[in-house]
Structure formats: C-alpha cells, structure tokens
2 protein chains.
Amino acid sequence: MGEGPTITTIAARAGVSIASVSRVLNGLPTRQETVHKVLSAAEELGYVPNSVARSLKSRRTNQIAFAMADIANPVYLAMVREIQPVLKAAGYRLVLHSTDADVGDEIGVLRSLGERYVDGLIMIPLRVTEELVKAIAAARAPVVVIGSVPDGLRVDNVRTDSRTGLRLALDHLHGLGRSRIGFVNGPLDTVPGAARGAAYADGLAALGLPYQPELVETGDFYRAEGAEAVRRLLDRAPDIDALMCANDLIALGALHVLRRAGRRVPEDVAVAGMDDIDLAADAWPAVTSVSLGSAERGRAAAQLLLDRLHDAGRPPQVVTVRPRLVVRASTVGEEPR
Amino acid sequence: MGEGPTITTIAARAGVSIASVSRVLNGLPTRQETVHKVLSAAEELGYVPNSVARSLKSRRTNQIAFAMADIANPVYLAMVREIQPVLKAAGYRLVLHSTDADVGDEIGVLRSLGERYVDGLIMIPLRVTEELVKAIAAARAPVVVIGSVPDGLRVDNVRTDSRTGLRLALDHLHGLGRSRIGFVNGPLDTVPGAARGAAYADGLAALGLPYQPELVETGDFYRAEGAEAVRRLLDRAPDIDALMCANDLIALGALHVLRRAGRRVPEDVAVAGMDDIDLAADAWPAVTSVSLGSAERGRAAAQLLLDRLHDAGRPPQVVTVRPRLVVRASTVGEEPR
DNA sequence: CATCCATCCGTAAACGTTTACACAAGCGAG
DNA sequence: CTCGCTTGTGTAAACGTTTACGGATGGATG
C-alpha cells in the first residue's frame, strides 16, 4: 500500500496526464469530459492534495506562528482566541510557541523562520533585548510584534499605552478621595514592568501626591507572587487606602490577601488592576481594571500580518489601542440594583 | 535576491556536489576537508534548511495537531499547557485547532489529515457522533482521542471515569450530612453531560437517596450559563443543602448566585464542582472539586501519540486516569490556621 | 486547399531536500 | 601487477505538486 493516492495515481486511472489532473483540481479551463474523468477518479480514490508538496512549489505554507511567554496567561489567551478565527477565516493554520519568557527561546523562534514552515509570525516578547531586536530585523518572514519596540525597528507593530492607562486608574482612585495608593508591580526588567513602574511615579506627580518608596512592592505578574507582594506591602504600610496592581492577576491575589487580613474592599482599601481579563469581572468584588484591549490587539495583529502577506512592500504599520478604564465594585462598591 | 540560500548555493560556493552538502549537514561520514568547506560556506551564507522540502522527502512534518472545542476552557487549556512541552522536547511543533464544539469542524480536521501537514492528531471531541467515529477510523494519520469512545473503535485513547468521580463528590456531601443535593449539568447531548447526568442518578441510588427531578437543572458548561441554571434551580427548590456542579465553571457561577441570594457556603449550601481547574482553588471560598487529572491526561495523550509515531504497529492503547476528590472550603468551611 | 488561430493536453522542469548507485582513487594482499 | 576492498564523492532519481512550453487537433478564414 503505497500510502495515499497522488495526482499520478489519478492520472493513471483517468487516463490523462498529471498536468491535466492538476489543472482540473485547480479549476483551470479544461474540456468537460476531462474534468469529469479526473473528478470521478479523484472521488473514487479519496484523493486529498498533499499540502507539503504544494507548499514546496508555491513557497507558501498557509501557516502562521504565534509566540508568547505562556498560554496560561489570560492576556495571551485572549489574544490567541481572537487571532485564531481571523487566521482560520483567511485559510491559515496556527502554530503555537510557548517561550516561557525566555529571550533565547524567542530568538530561536525568529531564527527558525528560515526553515519556512510558516508564512509569518506574531510575537509578544516580554523582554526586548538588543539581540532580540537584531533577530527581528533579520527575520526571514514577516513578523508582527505586539508590545513596545525600539523606535528604529522597522516592523509591523501593535501597541497600547499602559502609561496613560495606569494614569486613568490613579486618577480614578484619587477622585474617590484615596491618597495613600500602594503599587504592586511585576519584574522591572520586563517591558510592561518598567513602563508601569514609571507610569505610577508620573501619575502620582501629576496628582500632586508624593512618591513614597515604601508604598511600592515588586513581585511577578502572577496571582500567587502578587499575593506575596501585597502581603509584604501591607505589613510595611498598613495604612494604605488604595492598591494599584500592575495587572489583574496581582489584583486577584490582593483581594484574597486583603480579605484574609480583614480589610474590606473597597471600603478600607480600593483595588484596581490592569488588562481587564475575564476573571476581573467575575471576581468578588468585581475588579476595576484598565482594559488594554487584549482582544482588539490580537485581532489587529492578525490583520496586520495578513495585510503584510498580501502586500510585502508597504511601509511598516503601527496600530495603537487606546486604554480604557472599566470601573467595578472593587473601587466603588456594589451597584444598587 | 533569490530568497535564501539552498544546498545548491552552498554546493556552488564550497565547490562540491549537493549530495556532499547534504551528507555533511546530516553528519554522515565525510572527509574532514569537505566537512570544513561545506560548514564554512553554510555559515557564511547563513544557511537554514528548508523544512518543507525536507518534509516532502522524509514524509514527516514534525508537527502535531491538537483539536479541542475552545482554548478558553480551562480544562483544555491545562491540556495544551502539558502537551506543548512534551511535543517540543520531542522535536514537534504544535498546530492548534479550535472547533467550537462543532462536529462538522472536527470531522474536517480529521479529513485534513490527508493533506499530511501533521504527523498526528490529539483530539478531544465533545459530541461523539457516528460520523465522527467513522472519520476517526478513516483518519490518514495517527490519532489520539481524549475522552470516551465507542468500544469497537481501535484508537489510542486517554480517558477518565467521571462517573466514579462524581460518586466521590456525592459520597463526600452525603457524609457531611447533606441530603437534598441539587445537580446542575451541562448539555445532555455531550459525552460528559450524559455521563455526569447518569452518574448523579446512580450515585443517589447508591446512597439510598431518592432521585428528585426538581433538584436537577441543565445549562451549559460555562460560568454564566451555570449561574443561570443555579438561579432556576434555587427558585424551584430553595431548600437544597448541597449543590453538585457538573464542572467547576458552573460551581463558580453557583458561588456567585448563592452569595447574591444570601446563602452561606458551605453552612447553608455546600458546593462541589468537577475538573479541579486552577480557578477552583483560587475562588472564595475555595471550591471542592473532583480532579479528572487534566494535566495528566494531556501528558498521557502526547506520550501515546509519540509512542505511536515510533511504533505504528502496536495495538491501540487505553490510558485511564483515576479521578480524585480535592476537598476545599466550599464543602467543609475554612481550615483552622 | 493552404493558413491561421484557438483549444486542449502532454512533456518536462522546477521547488529543496535525501539517498541509491556508480565511479574514481588509494591501498593492502595475493 | 592485478585484484578487490574501502573511502569519498558526484550523478541522478525521487518525494508530490504547479506551470511554461510546445504539439496536435479542428474549425474558421483567405
């Protein structure tokens, strides 16, 4: 059993050449009788075209890669969820890469584009090193980067403005009369960690509030690590009346810790997060969060890549998604029904 | 610019034949001098082998597909998370398919195996129709099914026993002195829905409790739909003292509804779920849940597929993962510290 | 009736690899 | 000195498609 039928098998059975078979299968003009012979042969044999051979000839794989740190992160998950249907509708398959936030791994993915197993890549790097930037510039296939990139880098890019976003939340907290606003951040050597840390300082200054180092704690962008950090912060500065969290997972950890500590949210401490993941809305109390439009960014990235594949020559595009504050119970209390 | 360098380019530059180039790159025995010439040429040109051409010749793609209903479902997510590293370690890429629980879509994926763009498929169908079974049997590449399949179907299979699992939870609830145990299920035309519905009835019988239709409500396996169903159930049978939920998302919805209704968990109503997703442990109160070993099933499926690719001839394997009850606050209250 | 054009189809090359086979050179053994 | 074996390399075929090109056929046109 020589595996599945090929175009040669069909040609033999239909009594025509492989060229005719190919033409019929691709809908090129052909005599009606030939069309019929080929189609019935193909049907009888259960022919399915070999995508590898097709790719070799056409130099297109109809596959697109998506590389992110960890699929379990709700933000990346939301993106995959949006990216997939867009690609599927355009006839592309999705190849998934988890890099564990390892820059080396990300560079490996970029290098592997030379193998030509995908037509393009959407990536969302956490740490943007010089080497990574070089690898992006040298990539052998179109790349779309979600997140901030250095100015000089000519690459399709989807970004948001977490700085402005964090400011929205601080203004909101301040507007509620809170003035001792703690801040729990993720690692400072990541792009979002650095940006959000700076934004917190800026935001306080703009509000005329003093920057007090003892109100700032650094952990990681996960729930457990966030909870740990909140615990430390609370020990050191028990009198905070608000908590700004660098993302929603940290905020969820904060809710847990505050509840254990007997603090009411938002009466004693108002809590705000960032990313507006689904869990934020479902938590109790529901968490006020700055939406950075994850879904929208995912869709935009997919669309940028499709456009790029369609027109390789156009100048690199930058799409910016505007942050938006979603106010919920964790800052303003339960809505009356 | 004729795209990237190929072995032909290298051969020209090194002054050898393409066969020698291929041999060197694949580590076959070659004269030292030739090795050197080829490697430096490859290095200088920044050569990367074309995986499509390699696949065409070798008939292997080093890609494996995973098809599930919806990546946002925490259970499937947990599986992807486990499957990916196993495959990656074995040198395979992961191609992701979301089918929206559409049987037609799943059959489409199975058919597409004929295109030979992957070496195998791991799938987790929600509804097992006759047509799906036929498509599995006719698949042109190795398939591993996670979930129950009809007895006759010869296919590698990873399953669990949700029936026994649900029984564990019912026994636990009954052991706590609860006897009016409501049940909120997902769609009955899905494999898990049907199994869990039957298990509930069996479990009650085994405990000597009467089956009361008014204690059973059907929604969907999501939080919002689950919450709706719980609301209906609560209206109809306000005197329940326990709630068995067919999965954890439903249980999370239940917590929300019960809180709104002023019922204390677990004092007034004990709540148990199924799947033991991360969220169950993080909820408040933390949800008692039947673990069906999602992570373990994912790993097992990946391993089964790798083994199958290694030995096409061996008889189909079935791996069964034993369910395990994880007791948390939603049934027994807060642990003393 | 010769010419031209349109239509249809087959031959062969190409995509970038791997690999069977053959050939040349070198060398030890008879 | 010849035979045969080993070692290293090149030629060419193959994987399954798509497609440029040219040949054959037949009808319309002069």
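Reminder, nothing fancy here: chain letters follow the sequence lines and each chain counts from 1.
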*Asks:* Please classify the nucleic acid contact of S55(B) as base, sugar-phosphate, or nothing, using heavy-atom distances under 4.0 Å.
*Replies:*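 Counting heavy atoms under 4.0 Å across all strands, no contact is made by S55(B).
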*Asks:* How many Å lie between NE2 on H36(A) and P on dC8(C), as a whole number?
*Replies:*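 Nearest whole value for this atom pair: 17 Å.
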*Asks:* Within less than 4.0 Å of OP1 or OP2 of dT18(C), is there a side-chain N or O belonging to S22(B)?
*Replies:*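 Looking at the OP1 and OP2 atoms of dT18(C), one of them is under 4.0 Å from a side-chain N or O of S22(B).
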*Asks:* Specify the separation, in whole Å, of atom CG of L25(A) and atom P of dT19(D).
*Replies:*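 So the CG-P distance, L25(A) to dT19(D), works out to 13 Å.
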*Asks:* Could you tell me how far apart E115(B) (CD) and dT17(D) (C1') are, to the nearest whole angstrom?
*Replies:*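 Rounded to whole Å, this separation is 13 Å.
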*Asks:* Describe the nucleic acid contact of S20(B) in one word from base, sugar-phosphate, nothing, applying a heavy-atom distance below 4.0 Å.
*Replies:*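 Touches sugar-phosphate only.
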*Asks:* If only side-chain N and O atoms of R59(B) are considered, is one of them under 4.0 Å from the OP1 or OP2 phosphate oxygen of dG16(D)?
*Replies:*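 For R59(B), the contact criterion (side-chain N or O under 4.0 Å from OP1 or OP2 of dG16(D)) is met.
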*Asks:* Quiz question: going by heavy-atom distance under 3.5 Å, is there a donor-acceptor pair between the base of dG10(C) and the side chain of R23(A)?
*Replies:*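 Between dG10(C) and R23(A), which were checked side chain against base, a qualifying N/O pair under 3.5 Å is present.
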*Asks:* State, without any angle test, whether T61(B) and D119(B) hold a side-chain donor-acceptor pair at a distance under 3.5 Å.
*Replies:*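 Per modelled atom types, T61(B) and D119(B) side chains form a pair under 3.5 Å.
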*Asks:* Do the charged groups of K88(A) and D105(B) touch, with an N to O distance under 4.0 Å?
*Replies:*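 Here K88(A) pairs with D105(B) in a salt bridge, since their nearest N and O are under 4.0 Å apart.
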*Asks:* Over how many whole Å does the gap from N50(A) atom CG to dA14(D) atom C1' extend?
*Replies:*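 To the nearest whole Å, that distance equals 14 Å.
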*Asks:* Once you round it to whole Å, what is the distance between P of dT9(D) and CD of Q32(B)?
*Replies:*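 Spelled out: CD on Q32(B) to P on dT9(D) is 10 Å.
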*Asks:* Over how many whole Å does the gap from I7(B) atom CD1 to dT18(C) atom P extend?
*Replies:*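 Distance check: I7(B) CD1 to dT18(C) P gives 6 Å.
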*Asks:* Verify, without hydrogens or angle tests, whether S22(B) (side chain) and I18(B) (backbone) share a donor-acceptor contact under 3.5 angstrom.
*Replies:*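 No: the side chain of S22(B) does not pair with the backbone of I18(B).
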*Asks:* Need one value for P49(A): base, sugar-phosphate or nothing, where a base atom within 4.0 Å counts as base even if backbone is also close, heavy atoms only.
*Replies:*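 Contact class for P49(A): sugar-phosphate only.
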*Asks:* Please tell me if R116(A) has a side-chain N or O lying less than 4.0 Å from either OP1 or OP2 of dG16(C).
*Replies:*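 For R116(A), the contact criterion (side-chain N or O under 4.0 Å from OP1 or OP2 of dG16(C)) is not met.
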*Asks:* Which one, dT17(D), dT18(C), dG16(C), comes nearest to the side chain of N26(B)?
*Replies:*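 Of the options given, the side chain of N26(B) lies nearest dT18(C).
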*Asks:* Could you check how far CD1 of I10(A) sits from C1' of dT18(D), rounded to whole Å?
*Replies:*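 Whole-Å distance recorded here is 15 Å.
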*Asks:* Please examine the side chains of R314(B) and D307(B), heavy atoms only from C-beta on, and report whether any two atoms are closer than 4.5 Å.
*Replies:*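 SC-SC contact between D307(B) and R314(B) confirmed.
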*Asks:* Would a distance-only check, ignoring hydrogens and angles, find a side-chain to backbone donor-acceptor pair under 3.5 Å from D156(A) to V145(A)?
*Replies:*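 Here the side-chain-to-backbone pair does not exist.
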*Asks:* Return yes if some donor-acceptor pair links the side-chain N/O of D70(B) with the main-chain N/O of A72(B) below 3.5 Å, else return no.
*Replies:*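 At least one qualifying donor-acceptor pair exists.
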*Asks:* Reckon R31(B) has a side-chain N or O less than 4.0 Å from the OP1 or OP2 of dT9(D)?
*Replies:*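 True: R31(B) side-chain N/O within range (under 4.0 Å) of dT9(D) OP1/OP2.
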*Asks:* For a quick test of reading the model: is some side-chain N or O of S17(B) closer than 4.0 Å to OP1 or OP2 of dG10(D)?
*Replies:*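 Yes.
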*Asks:* Tell me the interatomic distance from L56(B), atom CG, to dT17(D), atom C1', rounded to whole angstroms.
*Replies:*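 So the CG-C1' distance, L56(B) to dT17(D), works out to 8 Å.
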*Asks:* Go nucleotide by nucleotide along DNA chain D from the 5' end; which of A19(B) and S58(B) gets its closest nucleotide reached first?
*Replies:*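 Upstream on the strand: A19(B).
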*Asks:* Heavy atoms under 4.0 Å, any strand shown: does V16(A) hit a base, just sugar-phosphate, or nothing?
*Replies:*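 Answer is sugar-phosphate: V16(A) comes under 4.0 Å of backbone atoms only.
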*Asks:* Between dG16(D), dC15(D), dG10(C), which nucleotide gets closest to the side-chain atoms of K57(B)?
*Replies:*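 Ranking dG16(D), dC15(D), dG10(C) by closest atom to the K57(B) side chain puts dC15(D) first.
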*Asks:* If you check every side-chain atom of R54(B), which of dT18(C), dC8(C), dT18(D) has the closest atom?
*Replies:*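 Nucleotide nearest to R54(B)'s side chain: dT18(C).
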*Asks:* Please check the phosphate of dG16(D) (OP1 and OP2 only) for any side-chain N or O of Y117(B) closer than 4.0 Å.
*Replies:*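 No, because none of the side-chain N or O atoms of Y117(B) sits under 4.0 Å from OP1 or OP2 of dG16(D).
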